Amino acid sequence: MTSEGHPEHSARLLAPNFITETIERDLKTGRYSQIVTRFPPEPNGYLHLGHVFACSLDFGAALDSGGRYHLRLDDTNPEGESMEYAQGIQDDLHWLGWDWGEHLYYASDYFEQYYQYAEKLIQLGAAYIDSVPGDEMRRLRGTATVAGTPSEYRDRSVAENLDLLRRMRAGEFAEGAHVLRAKIDLGNPNMKLRDPVLYRILHAEHYRSGAKWCIYPMYDFQHPLQDALEGVTHSMCSLEFTDNRAIYDWLMETLGFFPRPHQYEFGRRSLEYTIVSNRKLRRLVQEGVVTGWDDPRMPTLRAQRRLGVTPEAVLTFAAGMGVNKTNRTVDIAVYENAVRGDLNFRAPRVMAVLEPLRLVIENLDETREVQLSYWPHDVVDASADGLVALPGGERVTPELATRAVPLGRELYIEREDFAVTPPRGFKRLTPGGRVRLRGAGIIEAGRFEMDEAGQVQTVYATLQPDSAKASGVIHWVDAASAVPAEFRLYDRLFSVANPEGQENIEEIGDADEVERDAVEQTVEETQNPVNADFLRFLNPGSLRVTHGFVERSVAQGPADTRYQFERQGYFWQDPVDSRPDALIFGRIITLRDAWAGRAGEKATTEKATPERATTEKATPEKPAARATKEKPAVTAPAAQTLTPQQSADVARLTALGVARGEVSLIVTDPRLSAYLAELTGPYAAVVAGWAVNDLGGSVREGHNTLPLSDLTELAELLAGGSISTRIAREALAEASGGGQETPVQIIGRLGLRVVSGSAELERLIGAVMDANPGKVAEYRAGKKGLSGFFTGQVMKASGGQADPQKVAQLLEKLLG
RNA sequence: UGGGGCAUUGUGUAAUGGCAGCACAGCAGUCUUUGGAACUGUUAGUCCAGGUUCGAAUCCUGGUGCCCCAGCCA
């Protein structure tokens, strides 16, 4: 996926959304000749699954529109940033397959240019040095309801401001002594516009620029500037920056950038059972809850990579997500499904026993070898080229994709595949029961030995003729040839769906120290999260380690193969800890397990593992909106007192026949009532309706350009019967779009006329019916809701000119 | 209580005034030498109340709920 050109992806990366639509429009109107986007992570942590969505949007939008994308390391705050993170981010992005070519930028490479723009802003009188302490500045900024007050330094001269800024840069001042602020509007209801800070003093070592700078630009100053400097056209960011857009636009206009970038905001996508807060992830690492940023249970990309998830799976997951302006939390199953779906066609099937139980086949004296296929028939059938992969990746015909597995007298089977007293529906081995050993034949269990604790030690079985019936299939390994291995069985790090959301109440005092049993903590506490702290929702069973065996072939194959251990899940060797003489396999993901859902009937109990079906979802309680269904009617605000003028208007409009709801709306809105002050004549009611319902927003917001006379003229035309309401309103909509024509002129130019002749309408209806025989049948079978569909089709066929009421009448007749 | 943003089945999304569709999850079943995969069927939704319109998830009004903003973080 290179930034420029990118042959094999003719398909779109992104489903159409409000941002891609804007991009297409901007391209079409020539606002930009090429789209340039950027993904701007701050190198103060590693990328995680939450970033993938933003990154796919940024990069995908550019790629889909034939544009170019940049990677930008947004490193303007030296605290917490490092080259390790900057490099890690690039590695992870490359792993995903992104390639920005030479378009790698560091904000810190632009420090000198930012500074020059700061001086320019001062010279324009648009910025000043403020020298009040931080808490004083906060006080002066006011509150949501109280305007801010200017600091005593707000009106310093250009010369003084310039001098101070230069001395700030020279390092003459201590941290906090001065800041550079934009001079915008201290009374603005948007708090972001109350003279935002542009530069601050920080005597800190920057990981790239060292000690060269002791003043650092703030996001609101740096980000728009760098977008402009890089030639970015569409700058996407998440919703919480919506208010910041006002600063963005102010800066671009004040400094006169043209063409200039524009900011668009989208809703974030978070994932159930995971946290994405950098601070919290760091805490998990620091407190040793996990082994590091790449602990396979972490949501970071490097962790998912180590886990064994493929970049394709991650990208598929991201691509499946829609873009809109709502923050949303995605069901973890969507991610898991992407991972499984990818692995199903990628991972050869082999056998491994995670928790071994010794099984002796009493009627088998010598070891034999069975040839087992790496792939089930359905994967073979689904192969496009008829070939399937060997563990090393080589693609061969299905007959060659096999391995020899020894079958000796002594085997290991999964401990949970043998039950002395089986639960209902158990399809595995029981004393006296029969089961198929995958690929090796049917056995019947006989006696078994237990230790003094009641644990089964050995099961004795006999091989049966192939004609025998078996209740199920279990996997196994040959004891003599199997290779011992450690298995790491990962599960969700958190036991509740929304560990961060649970934390919605300030940590209170030291009740933290209350010790709780991990199991009981899940249910009632999540509903009552006093003293909430996300660490309290850790899943104690997020890592389970077992020791068992893998079949011989696995140890002989490549170390980086992802396998499906049949009936257990997808695994691969831990790339960090596994060694040839001490194999360690991590479970990438379980198989879907319909049986697991029936937890109550299950014999083996893994208390530590939260079952998907039963795990507390614990999303914050849906507010009691539904409970207030029978609230008192809110439809009587008319009781408010009206001014004499308003009362007169009410009388006048009512006399003209204007609907009551519209009247009260008109008189209470100054602009609307001014617009309709001259309203008169026989068509007043229609005109008022249009003014309120069709032009409503623009009139009330003061940017309507259509004179009232245009509406009256249109109403006259409508009354004449040559056009339909629909045509009138379409013309209205187009005329209010800002053109020079009146609605009537538009109708004349387009030659719009209502079509109401029965013959012509019947012809149209006939054509629609012929084109949709299935729908006609459905309608006649009773699906009357389809009448709207037919009306719509006829309207479309007539170019919107058919008389809908006539159409409806005729339709009813013709459809029977 | 100032400003801004948002609201479609359990979850994520589509429908740009004309059949409320899709995926995941759920449920039922078929098939199966993986309780996997695949396949079939199915449950379930336009936040509420008005209005405009032949017709509203979509346009208008009012309400409700959730999120963001008062860092010298990004």
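Bear in mind that the values here come from a model prediction, so they are computed numbers and not experimental data. Numbered from 1 within each chain, the chains take letters A, B, ... in sequence-line order.
- In this structure, Trp375(A) places its CH2 atom 18 Å from C1' of U33(B), rounding to the nearest Å.
- Nearest nucleotide to the Lys192(A) side chain, out of U33(B), A25(B), A70(B): A70(B).
- Of the candidates G5(B), U11(B), G36(B), the closest approach to any side-chain atom of Ala594(A) belongs to G36(B).
- For Arg729(A) against G17(B), a side-chain N or O and a base N or O form a donor-acceptor pair under 3.5 Å.
- Nucleotide G71(B) carries a syn base; the chi torsion (O4'-C1'-N9-C4 or O4'-C1'-N1-C2) is within 90° of 0.
- A donor-acceptor contact under 3.5 Å is not formed by the side chain of Gln568(A) with the base of U34(B).
- Between the side chain of Asp243(A) and the base of G3(B) there is at least one donor-acceptor pair of N/O atoms closer than 3.5 Å.
- No N or O donor and acceptor, one from the side chain of Arg141(A) and one from the base of G71(B), sit under 3.5 Å apart.
- Remark: the Arg567(A) side chain and the U34(B) base include no donor-acceptor N/O pair separated by less than 3.5 Å.
- Asp378(A) contributes a side-chain N or O that forms a donor-acceptor pair with the base of G36(B) under 3.5 Å.
- Put simply, the side chain of Arg428(A) and the base of G35(B) share a donor and an acceptor less than 3.5 Å apart.
- In the set C24(B), G3(B), U34(B), the nucleotide with an atom closest to the side chain of Val334(A) is C24(B).
- Using a 4.0 Å heavy-atom criterion, one finds that Val692(A) contacts the sugar-phosphate atoms exclusively.
- Side chain of Met218(A), nearest nucleotide from G51(B), C72(B), G35(B): C72(B).
- In this structure, A74(B) makes no Watson-Crick or G-U wobble pair, since no nucleotide meets both defining distances under 3.5 angstrom.
- Just one of Ile443(A), Leu429(A), Ile442(A) meets the side-chain contact (heavy atoms from CB on, under 4.5 Å) condition when paired with Arg434(A); it is Ile442(A).
- Contacts of Lys427(A) with the nucleic acid, taken as non-hydrogen atoms under 4.0 Å apart, include base atoms.
- A74(B) and C68(B) are spaced 15 Å apart, taking the C1' atom of each and rounding to whole Å.
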